Amino acid sequence: MMSTVLAAKPNVGFLASTHQTLTHSSSSSSSSSSCIKNSMHLSILFGLIENYSVFPPAQLFSLSRSAYNNGFRRRLLGPPASAVGNKQRVWRRELGFRVFAKVQAMDYTTIKAACTELLSSWVPAKIEKIVQSDRFTLGMAIRTMEHSSWLKICWNPACAHISVGDTLSGNDSSVSDNFSFGEQLRYLLRGLAILEVKVPEEWERVVELTLGVRPSEPPSKHIFIEIMGRYSNVFLTNADMGVLACAFQVGAKMTSVRMVQVGGKYQMPPVAQGSPPSNFTGMLEWRSIVCATLEEKLVDSLVQAFQGVGPGLATELMAQAGLDANSVVSKMPEDGWVSLHKAWLHWLTTLREWTFAPGTVRSNGSYSVLGGDSPYILSSERDMHIGTCSVLAMLDDYYTGIHEGEKFQQLRQQLVAKVGAAAKKAQAKVKLYEDQIMASNGYAAISYTADLLMANLHISQPGASSVQLPDFETGEPVTVALDPLQTALTTAQKLYKRSQKLRRSEKAVAPLLANANEELSYLRQVEVSLQQLEEYGSPLDLKSLQEVRDELIEGGYLKVPVSGCPPPTNKQKKKKQSAPENLTGNMRHFTSPSGFEVLVGRNNRQNDVLTNRVATDYDLWFHARNIPGCHLLLRVPPGQVPLDADLQFSADLAAYFSKARASGKVEVSYTNPKYLQKVKGSKPGMVKVEKEIVIIGQAFDPLSVPAIVTAA
């Protein structure tokens, strides 16, 4: 029975911000008003949002039109406000889903916590390698006396951050060679080490890395990481603060406040508006500062009144004080002010004593460096519910999912557009060739008419426009059109030539039509693969999408880099094909009722590997019959026989992972892999089935049934 199937919970991280979003700085004096305007504009642009009132204005996210049309609103907001309660949120969290009102920006408190942990655990550290994996991400392989890892610096407007992680996506020096900033840093930082990490100015979202040869010598370089939303940037300076390199230059055309360019002097960003927080501010004075902003919502007042306070921190402090996130300043009770001021002083004490702790804020699903109200569980440990990690590991887990989710959506949108255009072109070719073949099918009738003329030349009269001739078989009269200016013999010869031309045309177009149909079937299969990869849930999804991109580049459908990633070189292709470490590691894994492993390919390349390299004579191969879909393999150990429940389970999965997913009942073919034939020169994932058994599969989502869960 299906209830015996063991399950691993899905890991889904959603992105609520893209390059086209209407972002704003949390420390800006006009952040709340601009956020409200942007939110109203978005509600008009994209339609009424049912649960608009669930989140305060400062937490409203913004979406691009393409992201909204692709279903972000449905996946991020979920059901209407009336249907979203604590039970609904807890249920989604128990399944491993993480629902975000928006991407949480790194505020001053988070930056301070990251710098504290870097200073205590990773300084001094030798810089061994530098890789720029994409336009906005830089990785430094650092090593201390105890351990080594990757220091990740990201200036992406949607998820700017600094973190430390064990792996770096896109860790390939040949890819990094395509970005000049990473190449400059590799040259200028050769042989240096990180000697100090600090926040150069209080309440500013800037991290300074001091670099030198060794701690006993004066520093020679500085890296300034400005984490400020769309204004995020990275600068490399010498000891005298002269800018040597930067992620992007800020010239006079971009700003009149601060110009920072290569060759000039580095200057700190302008001081944010608001009062600097202080432990020595009494509650009455602190309260008067908050009320002086004239903002209606309390969270907006806190953001506007003080430096270093963002919406995330303000919401968490209000939660600690037992206040609602939508609390209004004018309706705040006296005991609410007292509780909030107490939480405020505790926050300042944490900053002063560096007693940070990772956690999760349940009210909005965001992370916290003040402990939150529940432990933060890493994506890799979500099934085990361990919930113990460092601040840097938490930041790496959170922002890696956000960053890769954004890359996933951008890449998927471009691939869908490219494949759709190619499929439309292939469909037009198929129709053209079919019309040509249909037109050429009349060559036999034309040749027959010419035979009639040749057999009855004596009947035709010169100058006649037509002639009636007896049919060879029935004897019935047949009217044949003639050219009055030509003889019947000349007309017959022209008919013979036309018949031969149409016959040659049919023979020439037939293989072209076969190739066009094969190409169209292949592109339909790619479309199904992209449909199955609709949402980002784990790094495997992004890797599968990148495999589709590489496959399309090899097939000539993509000739330019997609989403900032250059196409693989011939050397990279040979390296990938020579010694694959794990052929099935990136495939979908399921467990049948009898405990047999079920593998499902995510794209054509994986389908090809699954069918031609992984399958053995003991396994069973499944595929939706005459419908584009994924290849599925039921792994049967030698000497064992699968039960009917195993076959039905596999057929149901094959039906779900096909183009006929919405049809309910789908015909599914299954056979032994020895009856599959790979046609020479065919596209990846295309096979010929010589012998098959048909079974009806029920297309259902395996994640929708609690008893059926995936391992990958």
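Throughout, residue positions are numbered sequentially from 1 according to the sequence presented. Just so it is clear, the structure is predicted and the values come from calculations on it, not from any experiment.
- Remark: the backbone N or O of Thr144 is not paired with any side-chain donor or acceptor of Ser148 at under 3.5 angstrom.
- When atom types are taken as modelled, the side chain of Asp397 and the backbone of Ser379 share a donor-acceptor pair closer than 3.5 angstrom.
- A donor-acceptor pair under 3.5 Å links the side-chain atoms of Tyr399 to the main chain of Met106, judged by distance alone.
- Donor-acceptor pairing under 3.5 Å is lacking for the side chains of Glu226 and Ser232.
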Requested in this report: Show your working on side-chain contact (heavy atoms from CB on, under 4.5 Å) between Lys112 and Glu117 and close with a plain yes or no.
Outcome: CA-CA 9 Å; Lys112 193 75 173 180; Glu117 194 166 297; over 6 Å; no
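- Taking CD1 of Ile142 as the reference point, atom CH2 of Trp150 lies at 10.5 Å (rounded to 0.5 Å).
- In the model, Gln307 has no side-chain atom that pairs as donor or acceptor with a side-chain atom of Ser275 under 3.5 Å.
- Contact check on Asp134 versus Lys407 returns a salt bridge, with a Lys/Arg side-chain nitrogen under 4.0 Å from an Asp/Glu carboxylate oxygen.
- No more than 12 heavy atoms of other residues, nucleotides or ligands sit less than 6.0 Å from atom NZ of Lys342.
- Residue Leu348 comes nearest to Pro277 through the heavy atom pair CD2-CB, 3.8 Å, listed as atom of the first residue, atom of the second, then distance.
- At a threshold of 4.5 Å between non-hydrogen side-chain atoms, the residues Val199 and Val206 do not count as touching.
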Query raised in the report: Does the pair Phe181 and Trp155 meet the rule for a ring-ring contact (aromatic ring centres under 6.0 Å, His included), with working shown?
Result: CA-CA 12 Å; Phe181 183 54; Trp155 56 96; 5.6 Å; yes
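- A donor-acceptor pair under 3.5 Å is absent between the side-chain atoms of Glu208 and the main chain of Pro200, judged by distance alone.
- From Ile377, atom CD1 reaches atom OG1 of Thr360 across 7.5 Å, with rounding to the nearest 0.5 Å.
- Of the inter-residue distances, the one linking Ile130 atom CD1 with Leu189 atom CG reads 4.5 Å to the nearest 0.5 angstrom.
- At least one donor-acceptor pair closer than 3.5 Å links the side chain of Tyr398 to the backbone N or O of Gln104.
- No more than 12 heavy atoms of other residues, nucleotides or ligands sit less than 6.0 Å from atom CE of Met259.
- Two residues are said to be in side-chain contact when any heavy atoms from C-beta on lie closer than 4.5 Å; Leu395 and Thr110 meet this criterion.
- A donor-acceptor pair under 3.5 Å links the side-chain atoms of Ser301 to the main chain of Lys297, judged by distance alone.
- Checking side-chain atoms of Lys152 against main-chain N and O of Thr167 turns up a donor-acceptor pair under 3.5 Å.
- Remark: the backbone N or O of Gly336 is not paired with any side-chain donor or acceptor of Ser339 at under 3.5 angstrom.
- For the pair Thr293 and Asp300, the minimum side-chain heavy-atom distance is 4.5 Å or more.
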Query raised in the report: Does the side-chain contact (heavy atoms from CB on, under 4.5 Å) test come out yes or no for Leu340 and Leu302, once each step is laid out?
Result: CA-CA 11 Å; Leu340 184 59; Leu302 291 172; 4.3 Å; yes
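- Salt-bridge annotation for Arg135 and Glu406: absent, with no side-chain N of the basic residue lying under 4.0 Å from a carboxylate O of the acidic one.
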Would you tabulate the side-chain donor-acceptor contacts of residues 234-251 under 3.5 Å, counting partners in other chains and residues two or more places apart, or write 'none'?
| from | atom 1 | to | atom 2 | distance (Å) |
| --- | --- | --- | --- | --- |
| Asn238 | OD1 | Asp240 | N | 3.0 |
| Asn238 | OD1 | Met241 | N | 3.1 |
| Asn238 | OD1 | Gly242 | N | 2.7 |
| Gln249 | OE1 | Val262 | N | 3.1 |

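- Note that CG of Leu195 is 10.5 Å distant from CG of Leu209, once rounded to the nearest 0.5 Å.
- Using a 4.5 Å heavy-atom cutoff, the side chains of Asn233 and Ile225 are not in contact.
- In this structure, Trp122 and His147 have tilted ring planes: the angle between them lies in the 30° to 60° band.
- In this structure, Ile127 CD1 and Ile194 CD1 are separated by 4.5 Å, a value rounded to the nearest 0.5 Å.
- Considering all non-hydrogen atoms of both residues, Leu298 and Met318 come closest at CD2-CE, 3.9 Å.
- With respect to Glu535 and Arg412, no salt bridge is recorded, no charged nitrogen being found less than 4.0 Å from a carboxylate O.
- Taking 4.5 Å as the limit, some side-chain heavy atom of Gln320 sits within range of a side-chain heavy atom of Leu370.
- Shown here for Val299 and Ala325, the closest heavy-atom pair between the two residues is CG1-O, 4.3 Å.
- Side-chain N/O atoms of Ser327 and Asp324 include no donor and acceptor closer than 3.5 Å.
- Heavy-atom minimum distance, Met394 versus Ser368: CE-O, 3.5 Å.
- Across every non-hydrogen atom of Ala113 and Val391, the tightest pair is CB-CG1, 4.1 Å.
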Report task. Applying side chain to side chain donor-acceptor pair (under 3.5 Å), run through Gln132 and Thr137 and close with a yes or a no. Result -> CA-CA 6 Å; Gln132 185 174 354; Thr137 306; over 6 Å; no
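- Within the 3.5 Å criterion, the main-chain N or O of Leu118 finds no donor-acceptor partner in the side chain of Ser121.
- Checked against the 6.0 Å centroid threshold, Trp344 and Phe306 count as a close aromatic pair.
- In this structure, the side chains of Leu211 and Pro219 stay at 4.5 Å or more apart for every pair of heavy atoms.
- A pairwise comparison of heavy atoms in Arg205 and Tyr108 identifies CG-N, 4.0 Å as the closest pair.
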Report task. Could you walk me through whether Phe224 and Val207 pass the side-chain contact (heavy atoms from CB on, under 4.5 Å) test, one step at a time? Result -> CA-CA 6 Å; Phe224 291 91; Val207 178; over 6 Å; no
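- Considering only heavy atoms from C-beta on, Phe356 comes within 4.5 Å of Leu351 through its side chain.
- A salt bridge does not link Glu296 to Lys331: none of the charged nitrogens lies less than 4.0 Å from a carboxylate oxygen.
- Counting heavy atoms from C-beta outward, Val309 and Trp347 have side chains that approach closer than 4.5 Å.
- The distance from the OG1 atom of Thr116 to the CD1 atom of Ile111 is 11.5 Å, given to the nearest 0.5 Å.
- Using bins of under 30°, 30° to 60° and over 60° for the plane-to-plane angle, the ring pair His403/His161 lands in the perpendicular bin.
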